[in-house]
Protein chains: 2
Amino acid sequence: MVTRRDLLKGSSNSLLLSLLEQQPMYGYQIVKELEARSQGYFKFKEGTLYPALHRLEKSGLITGRWQTLPNGRQRRYYYITAKGLAKLALEKSQWQDFFTAVKLILQPDPSSP
Amino acid sequence: MVTRRDLLKGSSNSLLLSLLEQQPMYGYQIVKELEARSQGYFKFKEGTLYPALHRLEKSGLITGRWQTLPNGRQRRYYYITAKGLAKLALEKSQWQDFFTAVKLILQPDPSSP
DNA sequence: TTGACATACATAGAATGTCTAAGTAAATAC
DNA sequence: GTATTTACTTAGACATTCTATGTATGTCAA
């Protein structure tokens with residue numbers, strides 16, 4: 001059963017999977033992209049991001065591959081897996097349900113009894 | 001500063017304040033109302049609800065008053081305070097911002113670059 | 001070349017909210 | 001008379017996020 005708790009604690013997971021669905025990215029890039037795409041709203045800290053990425057990888061939802069740049073620097077790019085895509089689709093619909101439920105409470109229809 | 005974490009952990013606070021804004025309620029009633037108004041989505045457990053109510057009361061956002069029913073049973077009714085009303089207004093706008101930010105990530109505009 | 005800043009990843013530990021689970025107690029329905 | 005519903009409380013487990021720190025390199029300006 002889908003619990004409200006899962007949605008809350010899994011919010012960052014959905015955001016990360018959604019980003020990686022569009023293109024593979026590395027950690028630092030993810031921080032910047034999330035901030036840019038949310039118009040400055042999301043500012044992930046390292047202490048949030050990297051443990052989250054490790055969890056997702058351990059769960060098989062993403063896979064990380066080290067890549068070496070021409071200048072010798074190392075980056076770890078993360079790719080979403082088929083399992084991750086399926087999970088993302090599920091979580092998106094769960095988010096929709098959650099939004100709907102919250103709105104029903106915070107913005108009740110005044111015409112209803 | 002408003003952090004994402006505050007929104008997540010404070011989600012139940014907003015829901016409770018919003019309910020109590022409409023009318024004073026007691027714990028058991030809140031559980032039933034939340035479930036009814038969210039069309040079955042929210043099913044608060046006692047272990048979530050009562051500590052949350054106690055936190056809100058300690059923060060001065062609600063006040064609880066024991067009332068004795070004709071049959072002798074005791075109920076603790078909670079009333080939203082002026083401080084609670086102000087807090088609720090703030091949190092509603094924060095929720096709106098959060099919704100918007102999440103949607104920007106999960107449902108990016110395909111026409112944007 | 002020194003310093004400042006951005007890039008890039010990692011992790012220990014604290015704080016906090018939610019859940020499970022158990023306890024207490026009484027009214028009501030069958 | 002017993003099962004269900006009402007009604008509140010709290011201890012303890014668990015998970016996520018944050019703060020804070022560490023490591024290391026590249027870039028740019030003074």
Side-chain angles (χ1 to χ4, degrees), chain A residues 1-17 24-36 41-59 61-62 64-78 91 98 101-102, chain B residues 1-17 24-36 41-59 61-62 64-78 91 98 101-102:
Chain A
M1 180 206 157
V2 179
T3 68
R4 181 165 154 278
R5 185 192 195 183
D6 289 332
L7 284 170
L8 296 181
K9 81 179 177 193
S11 66
S12 63
N13 288 355
S14 299
L15 296 174
L16 296 178
L17 289 175
M25 293 188 195
Y26 56 97
Y28 192 82
Q29 183 185 11
I30 289 173
V31 172
K32 298 301 174 191
E33 280 290 325
L34 272 178
E35 185 169 359
Y41 188 88
F42 290 118
K43 296 175 194 286
F44 270 53
K45 313 296 180 187
E46 294 100 320
T48 302
L49 177 69
Y50 291 107
L53 288 173
H54 299 162
R55 278 198 308 276
L56 289 173
E57 186 169 26
K58 200 174 172 185
S59 305
L61 304 176
I62 63 177
R65 293 176 210 153
W66 283 105
Q67 271 179 242
T68 306
L69 301 185
N71 62 21
R73 170 166 290 200
Q74 295 263 335
R75 280 179 184 161
R76 192 155 171 79
Y77 277 84
Y78 287 96
E91 290 192 350
F98 180 61
V102 171
Chain B
M1 180 203 154
V2 179
T3 68
R4 181 164 155 277
R5 186 191 195 184
D6 289 333
L7 284 170
L8 296 180
K9 81 179 178 192
S11 67
S12 63
N13 289 355
S14 299
L15 296 174
L16 297 177
L17 289 175
M25 294 187 193
Y26 55 98
Y28 192 83
Q29 184 185 10
I30 289 173
V31 172
K32 298 301 172 191
E33 281 290 325
L34 272 178
E35 185 169 357
Y41 188 87
F42 290 118
K43 296 175 193 286
F44 270 52
K45 313 296 181 186
E46 296 99 319
T48 301
L49 177 69
Y50 290 106
L53 288 173
H54 298 162
R55 277 198 308 276
L56 289 173
E57 186 170 26
K58 200 174 173 186
S59 305
L61 303 176
I62 63 177
R65 295 177 209 152
W66 283 105
Q67 270 178 243
T68 306
L69 301 185
N71 62 23
R73 169 166 292 200
Q74 295 263 335
R75 279 177 184 164
R76 191 154 172 79
Y77 277 84
Y78 288 96
E91 290 192 349
F98 180 62
V102 171

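The structure presented is a predicted model; accordingly, all values stated were derived computationally and were not measured. Every chain is numbered from 1 and lettered A, B, ... according to where its sequence line falls, protein lines coming before strand lines.
- Per the geometry, CE belonging to A:M25 stands 16 Å off C1' belonging to C:dA8, to the nearest Å.
- Atom-to-atom, CD1 of A:I30 to P of C:dA8 comes out at 12 Å; the value is rounded to the nearest Å.
- With rounding to whole Å, A:L56 atom CG is found 13 Å from C:dA10 atom P.
- Of the side-chain N and O atoms in B:Y26, one or more sit less than 4.0 angstrom from OP1 or OP2 of D:dA7.
- The shortest distance between side-chain heavy atoms of B:Y77 and B:Q29 falls below 4.5 Å.
- The stretch residues 44-55 of chain B comes close to DNA chain C through B:K45, B:G47, B:T48, B:R55, each having a heavy atom under 4.0 Å from the strand.
- Residue B:Y78 comes nearest to B:G64 through the heavy atom pair CD2-CA, 3.6 Å, listed as atom of the first residue, atom of the second, then distance.
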Provide a list of protein-nucleic acid N or O atom pairs under 3.5 angstrom, restricted to nucleotides 25-29 of chain D.
from   : atom 1 : to    : atom 2 : distance (Å)
D:dT25 : O2     : A:R73 : NH2    : 2.2
D:dG26 : OP1    : A:N71 : O      : 3.3
D:dG26 : O4'    : A:R73 : NH2    : 3.4

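- Here the P atom of nucleotide C:dG17 and the CZ atom of B:F42 are 17 Å apart, to the nearest Å.
- For A:S11, taking side-chain heavy atoms from C-beta onward, the closest of the listed nucleotides C:dA10, C:dT18, D:dT17 is D:dT17.
- Phosphate proximity of C:dT18 to B:S12: present, with a side-chain N or O under 4.0 Å from OP1 or OP2.
- Minimum heavy-atom separation, B:R55 to B:N13: NH2-OD1, 4.1 Å.
- For the pair A:Q74 CD and D:dT23 C1', the interatomic distance rounds to 14 Å; values are reported in whole Å.
- Counting heavy atoms from C-beta outward, A:F98 and B:F42 have side chains that approach closer than 4.5 Å.
- In this entry the distance linking CG of A:N13 with P of D:dT16 reads 7 Å, nearest Å.
- In this structure, CD on A:Q67 lies 10.5 Å from CZ on A:R76, to the nearest 0.5 angstrom.
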